[in-house]
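See below for the structure under consideration.
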Amino acid sequence: MSERYLIEYLSRDSERLPAMRNIYRPHLMTVEDIRDETPDVRTLRLAFQDQAVGESFAFVPGQFGEYSVFGAGECVFAIASSPADRGHVECSFKLMGKVTHALRDVEIGDTVGFRGPYGNGFPLESLRGQNLFFAGGGIGMAALRALIEYCLAHRQEFGHITLLNGARSVADLVYKEDMVRWAEQPDVQLVRTVDPGGETADWDGEVGFVPAIIEKLAPQPEGTVAITCGPPVMIKFALLTLERLGFPQERVITTLENKMKCGLGKCGRCNVGPVYVCKDGPVFTAAQLQALPRDF
Amino acid sequence: MSDDNWRPQIVAFVCQWCTYAGADLAGTSRIKYDPNVRIVKLPCSGRIGPLFLLKAFEQGADGVLVSGCHPGDCHYVSGNLLARRRFTVFRELLIFLGLEPERLQFSWVSAAEAVKWTEVVDAVTAQIRALGPRRQGWGAEARLQTSNSKAQSLEAQPGTRNLKPGTQKAVEEGIRRIARQLLQTGEAGVIVGYGNGTLKDVTTPLFVTEPEGVEQLVWNERCLNNLSVYLTREPVTRLGRVGIVAKGCDARALVALLQEHQIERDKVTIIGVQCAGMAENGRLAARCAVCDVHTPPLYDHLVEDRALDTGDWAEGDPRDREIAALEALTPAERWAYWQEQFARCIRCYACRAVCPLCYCETCIADKTQPQWVPPAFDARGNLSWNIVRAFHQAGRCIGCDECARVCPAHIRLDLINRKLALLIRDAYGYRAGYDATVAPPLTTFRPEDRAEFIR
Amino acid sequence: MMACRMLRPEKLEEWLAELLRSERRLIAPQRQGEDVVFQPVQTVDDITLDYINTRWPVKAWFFPPSEPVLRYRYQGSGVELEQPNMALEPRVIFGVRPCDAAGLAILDQVFNSDGEDEFYTRRRTMTTIVGLSCTHPAASCFCTSVGLSPTASAGSDLLLTPMGDAGYLVETLTARGEQLLWEYGHYFAAGECRSKEAVTEAAEARMSRQAALAQGIELSERLFEHPIWAEVARKCLGCGVCAYVCPTCHCFDIVDDSDAWGGVRCRNWDSCGFSLFTRHASGHNPRPQQDSRYRQRVLHKFSYFPQRWGRLMCVGCGRCVTNCPVNMDIYATAQAVLQVQGVKHET
Amino acid sequence: MARIGVFVCHCGENIAGTVDVEAVTQVAARLPGVAHAEHYRYMCSDPGQKLLIEAIKEKHLTGVVVAACSPSMHEMTFRGAAVEGGLNPYLSEMANIREQCSWVHDDKAAATAKAIDLVRLMVEKVRRNRPLQPITVPVTKRALVIGGGIAGIQAALDLANGGHQVILVEREPSIGGHMAQLSETFPTLDCSQCILTPRMVEVSRHPNITLLTYSEVEEIGGYVGNFQVKIRRKPRYVIEEKCTNCGDCAVVCPQVVPNEFEGGLSWRRAIYTPFPQAVPAVYTLDEEACLGLHPLVCEKCFQACEAKAIDLNMKPEIVEVEVGAIIVATGYDLFAAEQARELGWGRFPDVVTGLEFERLLSASGPTSGQMRCPSDGRVPKEVVFIQCVGSRDPEQGVPYCSKICCMYTAKHAMLYKHKVPDGQAYVFYMDVRAGGKGYEEFVNRAMQEDRVLYVRGRVSKVFEEDGRLKVWGVDTLTGQPLEIAADLVVLATAMVANTEHDTLAKQLRAIADEHGFYQEAHPKLRPVETLTAGLYLAGAVQAPKDIPETVAQASAAAGKVQALFSRDELQREPVVARVNELSCEGCFDCQKVCPYGAITPEEIRDREGNLLRRVSNVNVGLCEGCGACVVACRNHSIELEGFTDEQIYGEIVALWPMPERAPERVTVKAQRRPRIS
């Protein structure tokens, strides 16, 4: 804002002052589709009510938004839909607190709010030409979904793709339909795993925690970038496993899920060391994380 | 007062067995009455929490009516009798803060008393109609209206007595001796006491884990903190069995914590200290002027102060004069006084943090489903927070005044606490922090409890 | 633009009186019980100059404890958004101490960075800060320790420094200051420009706390994990006083307050000292204990913020020290941490 | 957002006459979360319910609000309809716009505004309702009948004959109640004892009935299907099993006291049976009258009893039983006649109450059925019957009509005339109320065949003059003052509630009305039930009744209990408290306020078994859902299902629009002074 604002004000009519830009004002979105992924994970498909905004809206996979239910508040989720899907965003959320409970109660046709995109997104340039090894646990898959969709849409730009999807139990596996679609793509290997005890009688996937399956799959570090997201404890061990397999820290990418409120590096909530996860993240390489204090 | 067309907005919280059924009977009997009351049905008057009444006022109610079964008729044995005590205290609290009593009314109406129900509704409506609309905004503007009120001239009257600090050095030595012994024998893993602070004339809570460290323990007239707050703090309790330096008022907090199962008696060693009173602004602190626990009511070791001069307390508690002065004001003036106070609140929750009895890890003010205490730090939210805090302390506050001491906005929380403590002493013969075996006053009742305010 | 003028002592009141009559709202220190606070001025007589510092820093006039950032009404299954009514008016805040003014300069960096927060910046540009140098620091003050001084000019638009009988040395620091001076130039005498160094030195000499903290804390893993944090934070009770009286703390929360018809989305002050600050809805908390929360507070001010913005996020006003219920002392803590850090360098 | 359906009922003109149902529907349709709104003439009718069911299905409603009558009328109806539509029953709520709106207001605008508010409030509640599953509890198929009068006897026999275990508790030494005191019964004039005593005997012999006489209910806990009852058996000092009813003990007993059964018109010993046909047929030692007990000085009866049935060391005994249902049949008392001071009862021996007169008429009574004045045994020639003593008299007595007095007075007068054909009977009455099969004819018979003189009017005074009673009254039909010299005056005292109702009602958590009679669940449709599930009423405990009505209600109550007992399990309302273990701080204030002992501490341990915390735990079988614990919990770690904080919060915030926040500052438009050149 111009330093001369006051002078402008003093010299003219206040009515002619530029309208305020409100960084906290969300876009209004219409709920177009509701899909239950698991008993406590749901995906919403949201359409921009203002078509012009929808047309111009673009984002990088890995970026996130502040989704809000008016009356309950705002909550942060990754944008889970494909960047090519113009005019819409999708989010997947797990039932947790006040906002997610309110989101669970929305019906098709209802209005919710969306602010974004925020954050840095995945470093697409450094991924091109590489084999990609995705390892997602539980709701963490949501943060990878946009990137997976992007990579599959630009299939020729990337090498071999491995999708490792883990969950506590078979019922808790997300994106079951997407997985089928993704696995049909050329040169895509889909591995699904559930925690020991979470398997069903007819389960034909792996049984074991995600890091153990990474170990078992033993992806070749050369020419491969590993991208992982999941619960904090999974990420911790997945990073260790990948390191053991010989992945250099620069080629291991993860996204952090701190509590965030403003999304713009102001509210201070996601401050970890010198970075704000909302502005400088949420995507970090293991090397970048290594440099941060263990405060996330 | 108001034009004839004005319709007060009144909400009635009623129990489903008596009053709701009584209101139904009024319908069946086609008895006409005023249409301004909206009924919210609950199973029992015992389910009607003060937060409901608060929220109703916050939302703009001109009046609130609570009605349940007559004493002895409760479908749930005693819900209405518990409610009676809660409402007695809550009502007095709101009146003390300046609400007109007519706006918050209570009645017993049985399932058979259709006529009484209609009479109560008509009477309450008429009274509220006569009062006119509630002062705007449950806060906010009210304080601006009466900036020149008498209330504003009411100023804190600190104790006028001088300190007689006793033999501080000897007491300090006594504390150190016992602390050393406890640490040496392993009876305590940590001693919670007072040390010198980083600024002149300030002490600070000190945690000593090694016998050599006891030399840092101090005792003087500035040992204001109520250290018992640390007994429910994991970073302290994980250091081992706690030995705690406790003045009389601190020991009362320990009694209350025992009563509420927050500490186990055999896991704490209490180093009781005879206390001659603490200083605020160089004078004897107000609460110390009427202290009756110079010797703590509960201790394992007692450090005596041989020069203890408990003085002549004839002067009384200076706060009682302030309370009386406030109560002599009109409701509007009182309201203005407290609005001005609460407007200063910045919701730092220091009052909550220092209170030994505010041990809830998740406070009701932080709970969002639903959001009973409005999150905004405005007049509305601040008023609710302060009322909820005060009510939660009713019958439990041991009067250490820590909340008032630490309030950066100098809100007179001590007056509210004191007012409620006096009310509970007079109405129920109960004072907190003396006897851990007695049920706290709001968890019990007597059939003959006061009920003069109930229609 | 270091033009300097003098303001005669007897002119000060006249100038303030005219400011009061102007279209600018005049906000100045006034007595409130035992405290001095910034309040809109009713009469010039209410203004006091007898204070070391005001009870609260000046930040709330730009970044209020609670402010609506959005209003909405339900319309069937839809929602109608309303811009919150943020009325703006030109203001002059008189008598801001250099430490508090420096706090504003720090907040400017946060709120004026990309994703500009106009709730803050609009108020900021509409307000002219008239700083007032400090001659008698309190026992808890330590501005020189963090690289400021009792007469520092950062954040002020005009800075008045008392020069004894000669009156106030007036430094014009920004275009807003220049504008004000231009409007009321007849109160200010030009020419007689004297150095404020002597005043600065005298004030600094009265400062009892003079440690070298300005270089900040250099974070290492060892320091981060050091037991000192648990030790210093043990007595911390986790209230928000330190953050709320701090001229630079700016963490906030965004919450909805609604009823059946609609509601308000509010931005409220928050504090990294509260356990709920980082707690996820799942219950997971990256900073589960008070020691990690207190560490965040200290390191944010002395390490993280400097890394990002090149300056400390502490102005040494000492409010958090005097207001802490249990005498947590950030000055002492920073000293202690630097000592630990120093040990590391030696070994 | 929810998809709520709102259904506004006209209830014919009952609602629509006062409330603009169209307007209510229109406003409701625009409320946030409302997906459907309509109004209909009778929502409770079949087509009405169909509308609701169809709407749920078609519009995929997530909740319904029926704005109609009181939920006590039709909550169950619409919950049932919701289930039929595929919704959980607890997603249906009623807005009470009839009993609490249209019926009590005249102003259509105000009533409509109120109805809209009530609907809105319920919409906000339903939006926050969660599906609940009923709690099933086993049913103990044993009933407790309190009171051994004709009502209790009938109910106990019906149940026992239906194959269920019954415990019949009677306070007095014998069952039979007031009916056993009557001579003949109207309108058939058959002998009361002749029809009653066979039933009494049947009770004593019935294998399914446990008869506990001389016993009182001490404490009642639990809930429908699972009541725990403590019964105190007063010591009768006679072992029931051993007593042969020979009467040797009474003969030697030196203590003589007035006989209550005879209305004090004759005497009994300290050891006695109340009347010859008493059941059980055993003697009872009246410990207050006995000389010997404290200290033991007499012992004559003990010595005289050859059966060794007397145990002077007998102590009160507490019997604990579990029952699934309770029928209260504790009957009535009579208006204390001495309160009508001007009528002289208690001062003049020849002023008697109706019940005393029954004993004078009875063949087993003190005069063996001879009509005699209590004072001197002469045959009364002039008898004045005064009706409405205490009844229909809000000043001195009770405002209601005692219902049976007209009939029994006619009976008394008639029986008197049969015994003293040359005597004259006068009846002072206010109105003759003889509604009932054969009742009007009966009264006419008294007037016409037996020439009883009916005087419409009130008696102002009964006094004695020259050794004779004088009755002053007014014949209001002629306006003539009357003075009658009477030998005997009979007062038709009102039936009033049993004085012990109050204490028992508290025990039972039942509601007594303003006169002390028990409140039925609904005056028309649920006259046998109370609002406490599993508690039923029989006889005059509810209101004044004659014998046929009493018996009918007793059988009805027994039928209700049998219906309850036809199931092995009972579904209870899931309105119970639940603890949030995560935020419970373990202060146990909730435990202190719980009247049912439903809350106990529970230990939370880590995997290694170390105690982490103690938190509260609710036993949902014991929880009755009062919610006292919720309010006691400072950080609201307990919720009451069906009345959660969220739901009530929703109701409150729905009532008024949020007040506008104080504007931050009002911009004052000052004059602009351009200063920049």
Side-chain angles (χ1 to χ4, degrees), chain A residues 1-7 9-10 14 17 19-26 28 30 49 66 68-75 94 96-100 107 109-113 118 231-232 257-259 261-276 279 293-296, chain C residues 23 69-70 72 74 77-79 81 83 86 88 90 110-119 121-122 124-128 174-176 179 219 221 224-225 250-256 258 262-263 265 267 270 272 277-282 284 286-287 292 296 299-300 303-305 307-308:
Chain A
M1 173 161 292
S2 163
E3 270 291 307
R4 297 188 65 81
Y5 187 92
L6 171 70
I7 295 160
Y9 178 90
L10 290 173
S14 62
L17 292 171
M20 181 170 152
R21 280 179 301 119
N22 181 355
I23 54 173
Y24 305 107
R25 186 186 174 100
L28 295 181
T30 304
Q49 288 181 1
E66 288 276 359
S68 55
V69 176
F70 296 97
E74 293 187 311
C75 206
K94 187 169 177 167
M96 284 290 180
K98 181 176 188 169
V99 181
T100 49
E107 304 278 338
D110 284 352
T111 296
V112 297
Y118 296 129
E257 296 195 333
N258 282 50
K259 194 169 171 181
K261 282 290 180 177
C262 69
L264 293 154
K266 305 197 186 320
C267 79
R269 206 162 294 266
C270 66
N271 174 249
V272 177
V275 310
Y276 289 95
K279 280 180 79 163
R294 294 273 158 273
D295 216 6
F296 46 87
Chain C
E23 66 189 288
V69 294
L70 191 70
Y72 46 85
Y74 303 125
S77 67
V79 170
L81 299 186
Q83 186 70 17
M86 191 180 77
L88 277 177
V110 175
F111 288 111
N112 212 2
S113 60
D114 53 326
E116 178 187 339
D117 186 321
E118 292 193 17
F119 291 99
T121 56
R122 286 206 173 198
R124 190 75 172 91
T125 51
M126 292 295 278
T127 309
T128 309
T174 65
R176 281 195 297 269
Q179 165 77 11
L219 190 64
E221 196 175 330
F224 190 78
E225 305 291 353
H250 55 269
C251 286
F252 59 83
D253 195 2
I254 300 177
V255 294
D256 279 36
S258 62
R265 190 158 287 167
R267 172 170 76 176
D270 207 342
C272 58
F277 186 66
T278 50
R279 194 168 84 183
H280 296 195
S282 65
H284 169 72
R287 297 188 196 120
S292 50
Q296 167 68 18
L299 291 180
H300 195 207
S303 177
Y304 308 154
F305 194 90
Q307 278 186 64
R308 195 172 186 97

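Just so we're clear, the structure is a prediction, and the values are computed from it rather than from any experiment.
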Residue [X] versus chain A: region with a heavy atom under 4.5 Å:
X: C:E225; value: side chain
X: C:T278; value: both
X: C:Y72; value: side chain

Count the heavy-atom pairs under 4.5 Å between each of [options] and chain C, then report the option with the highest count.
options: A:P232, A:P274, A:P26; value: A:P274
options: A:G97, A:G263, A:G73; value: A:G73
options: A:C75, A:G268, A:C270; value: A:G268

Heavy-atom contact with chain C under 4.5 Å, split by part of A:V99
neither
Chain C contact via A:Q49 - which portion, at a heavy-atom distance below 4.5 Å
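No part of it gets close to chain C.
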So which of C:V110, C:L81, C:L70, C:L299 has the largest heavy-atom pair count under 4.5 angstrom toward chain A?
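If we count pairs closer than 4.5 Å to chain A, C:L81 comes out on top.
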Between atom [atom1] of [X] and atom [atom2] of [Y], what is the distance when rounded to the nearest 0.5 Å?
X: C:R279; Y: A:K259; atom1: CZ; atom2: NZ; value: 7.5 Å
X: A:M96; Y: C:H284; atom1: CE; atom2: NE2; value: 11.0 Å
X: A:E257; Y: C:H280; atom1: CD; atom2: NE2; value: 8.5 Å
X: C:C251; Y: A:N271; atom1: SG; atom2: CG; value: 7.5 Å

Evaluate the criterion side chain to side chain contact (heavy atoms under 4.5 Å, CB included) for residue pair A:N22 and C:F119; output intermediate values, then yes/no.
CA-CA 8 Å; A:N22 181 355; C:F119 291 99; 3.2 Å; yes
Looking only at heavy atoms, what is the nearest atom pair of C:D256 and A:V69, with distance?
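Nearest pair, atom of C:D256 first, then A:V69: OD2-O, 3.6 Å.
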So do the side chains of [X] and [Y] get within less than 4.5 Å of each other, counting heavy atoms only?
X: C:S258; Y: A:F70; value: no
X: A:D295; Y: C:F224; value: yes
X: A:P293; Y: C:L219; value: yes

Backbone of C:F277 reached by a side-chain donor or acceptor of A:R269 within 3.5 Å
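Side chain of A:R269 to backbone of C:F277: a pair is present.
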Counting N and O atoms only, with roles assigned by atom type, does the side chain of C:D253 sit under 3.5 Å from a partner on the main chain of A:K261, one being a donor and the other an acceptor?
no
Taking it one step at a time, do C:E116 and A:R21 satisfy side chain to side chain contact (heavy atoms under 4.5 Å, CB included)?
CA-CA 9 Å; C:E116 178 187 339; A:R21 280 179 301 119; 3.8 Å; yes
Regarding C:D114 and A:K279, does a basic nitrogen lie under 4.0 Å from an acidic carboxylate oxygen?
yes
Without hydrogens or angle criteria, can the side chains of C:R267 and A:Y24 be said to hold a donor-acceptor pair below 3.5 Å?
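Yes, because at least one side-chain N or O of C:R267 sits under 3.5 Å from a partner of the opposite role on A:Y24.
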